[in-house]
Amino acid sequence: MKDGDRRPIPMLDLKGEVEELWPELEEAVLRVLRSGQYVLGPEVAAFEEEVASYLGVKHAVGLNSGTDALIIGLRALGIGPGDEVITTAFSFFATAEAIVHAGATPIFVDIEEESFNIDPSLIESAITEKTKAILPVHLYGRPAQMDQIMQLAQKYNLKVLEDCAQSFGARFYSRDGSTSDLDGRMTGSIGNVGAFSFYPTKNLGAYGDGGLLATNDDDVARLARMLRNHGASPERRYEHELIGYNSRLDEFQAAVLRVKLKHVDEWNEGRRAAAREYERALSGLEFLQLPEMTPGHVFHQYTVRTIGVPRLRLLKALEGQGVAASVFYPHSLDRLPILTSEKRNASGSPVANADAQQVLSLPFWPLIDKSTIARVAASLAVQKAH
Ligand SMILES: Cc1ncc(COP(=O)(O)O)c(C=O)c1O
């Protein structure tokens, strides 16, 4: 972008990657069109194999959405009515919604200040005799503290379902120089189940809805394959053994995702480079608290905390300069009336409640250039004078 550029800056630009990959995408889409097979065919099977190998898991099951991956994952783990599932108080609604759809009760635990993720030190006190699972979310692409979560799960014999909707390609590393045998593992390969979303804005995004369940457990994979197709056994088509769903991944999305999977590491590196650039450009603005650059973080979003300046004022300043910005999320889950009851909120969530008032996500995509980041920073810097 040239100096003095006043063109609006969107929250994200998906068209750049389409242009970059046009010949490969065209070939993939036409291949499906000509094949005559459009749902759960060879592209889905190949994609499942490729993702399983990328993530380092035994099974990958292609589904209709990340929400379905959570619901089907919970059900395949045997979670249902009467069970409690411990999860973060700060996530997209679907995380909690899926628990309710599975028939269980979400129990919200507050988040850590540094990571926006569930605080493992608060989990133990939320465990009751009804607790069956922990559902951490790797929010904004930063892995949750899986070493501590897995230790707790082992101690209390709980299942772990990772919500990886925002963390495709992220790797876990333990904190503070301590080491763990989980170091370097992909998110989604650590718990009993990893649930992924391929909504177009995600780090690996389809051109429609899509999702996937990852697991090393043969029984969970088999149940998930049944649940995605009306509870029918894969071998005996019209023998419905379970009440399932129509949650099949289609061939077009799988073919597109196969093309994009080859580029996801490079794009995640682009996201990390963009985050470093934002860090440089925003470091002088004392009213912003910037996210930490930690190993394995894939920056689904670049989300700052607005401290000392009302968020609304910054949003208006950005809007006035034609710069998009978003709030992910304006309410913590424990405060949403549809989800709130005494027993659903373990101990209050002051950090999540405060973050819901302070978080601000800035324009961000893998190919965002330095001059765009400089323009966003300049629009925010205007606040300095106030
Ligand atoms: C944290 C989180 N969980 C679950 C979902 C649900 O995924 P989907 O939109 O594919 O159903 C999303 C994304 O929208 C998400 O961000």
Side-chain angles (χ1 to χ4, degrees), residues 63 65-112 116-139 143-146 148-167 187-188 190-197 211 213-215 217 219-220 223-224 227 245 247 329 331-349 352:
L63 302 168
S65 68
T67 307
D68 283 5
L70 290 167
I71 298 170
I72 289 176
L74 287 163
R75 283 197 54 197
L77 288 171
I79 287 145
D83 298 338
E84 292 180 351
V85 177
I86 292 176
T87 193
T88 170
F90 200 54
S91 181
F92 180 55
F93 184 67
T95 305
E97 190 183 34
I99 298 171
V100 177
H101 271 305
T105 302
I107 303 292
F108 299 114
V109 164
D110 207 0
I111 56 173
E112 307 174 305
F116 298 104
N117 285 326
I118 191 166
D119 184 341
S121 72
L122 302 176
I123 292 178
E124 197 156 17
S125 60
I127 296 174
T128 70
E129 71 283 357
K130 291 185 179 170
T131 309
K132 288 286 153 47
I134 308 173
L135 199 171
V137 180
H138 307 299
L139 201 72
Q145 295 214 55
M146 291 307 294
Q148 296 188 39
I149 291 168
M150 294 310 289
Q151 271 168 21
L152 282 167
Q154 207 166 17
K155 182 169 169 194
Y156 291 95
N157 194 23
L158 305 175
K159 305 289 188 195
V160 174
L161 192 160
E162 300 173 66
D163 182 337
C164 306
Q166 303 189 4
S167 72
T187 57
I190 300 170
N192 303 83
V193 161
F196 292 87
S197 163
L213 178 154
T215 186
D217 185 321
D219 295 333
V220 168
L223 278 171
L227 286 168
Y245 310 88
S247 185
Y329 299 92
H331 308 286
S332 55
L333 295 172
D334 62 303
R335 289 273 174 96
L336 284 174
I338 189 73
L339 295 171
T340 310
S341 80
E342 279 306 302
K343 71 183 195 340
R344 286 175 180 213
N345 191 4
S347 56
S349 303

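A 4.5 Å side-chain heavy-atom check between L339 and F93 finds at least one atom pair inside the cut-off. I111 is not listed as a side-chain neighbour of S349, based on a closest heavy-atom distance of 4.5 Å or more. Using a 4.5 Å heavy-atom cutoff, the side chains of L63 and L213 are in contact. Side-chain contact between N192 and D217: absent, with no pair of heavy atoms (C-beta onward) separated by less than 4.5 Å. Considering only heavy atoms from C-beta on, N117 comes within 4.5 Å of L139 through its side chain. The shortest distance between side-chain heavy atoms of V100 and I338 does not fall below 4.5 Å. Contact of the E112 side chain with the S121 side chain is not registered, since no non-hydrogen atoms from C-beta on lie closer than 4.5 Å. Contact annotation: the side chain of V193 never approaches that of K159 to less than 4.5 Å [non-hydrogen atoms, C-beta and beyond].
N157 contributes atom CG, which lies 11.5 Å from atom OG1 of T131 (distance to the nearest 0.5 angstrom). Distance check, rounded to the nearest 0.5 Å: CG of D334 to CD1 of I107 gives 11.5 Å. Of the inter-residue distances, the one linking T88 atom OG1 with H138 atom NE2 reads 11.5 Å to the nearest 0.5 angstrom. To the nearest 0.5 Å, atom OG1 of residue T95 and atom CD of residue Q166 are 8.0 Å apart. Note that CG of L152 is 5.5 Å distant from CD1 of I134, once rounded to the nearest 0.5 Å. Taken from CD1 in I190 to CD1 in I149, the straight-line distance is 9.5 Å, to the nearest 0.5 Å.
When the ring pair (Phe, Tyr, Trp, His ring centres under 6.0 Å) test is applied to F90, no partner is found at least two apart in sequence or on another chain. The salt bridge (Lys or Arg N to Asp or Glu O under 4.0 Å) test applied to D83 returns K132, not counting sequence neighbours.
For I99 against P106, the heavy-atom pair with the smallest separation is CG2-N, 3.6 Å. Of all the heavy atoms in F196 and G188, the pair that sits closest is CZ-CA, 3.9 Å. Among all heavy-atom pairs drawn from E162 and G191, the shortest one is OE2-N, 2.7 Å. In plain terms, the two heavy atoms of D119 and V109 that are nearest each other are O-CG1, 4.0 Å. Closest approach of G348 and D110 over heavy atoms only: O-CB, 4.1 Å. Among all heavy-atom pairs drawn from G82 and K130, the shortest one is O-CD, 3.6 Å.
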- [ ] Could you please spell out the steps behind the side chain to side chain contact (heavy atoms under 4.5 Å, CB included) verdict for F92 and E97?
- [x] CA-CA 9 Å; F92 180 55; E97 190 183 34; over 6 Å; no

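Each of V160, D163, I86 was evaluated against P136; a single residue qualifies, V160, per the side-chain contact (heavy atoms from CB on, under 4.5 Å) test.
Checked by atom type and distance alone, the side chain of T187 pairs as donor or acceptor with a backbone atom of S167 at under 3.5 Å.
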N/O donor to acceptor pairs below 3.5 angstrom from side-chain atoms of residues 65-78, sequence neighbours left out:
residue, atom, partner, partner atom, Å
S65, OG, T67, N, 3.4
S65, OG, D68, N, 3.0
D68, OD2, S247, OG, 2.6
R75, NH1, I243, O, 2.9
R75, NH1, Y245, OH, 3.0
R75, NH2, I243, O, 3.1

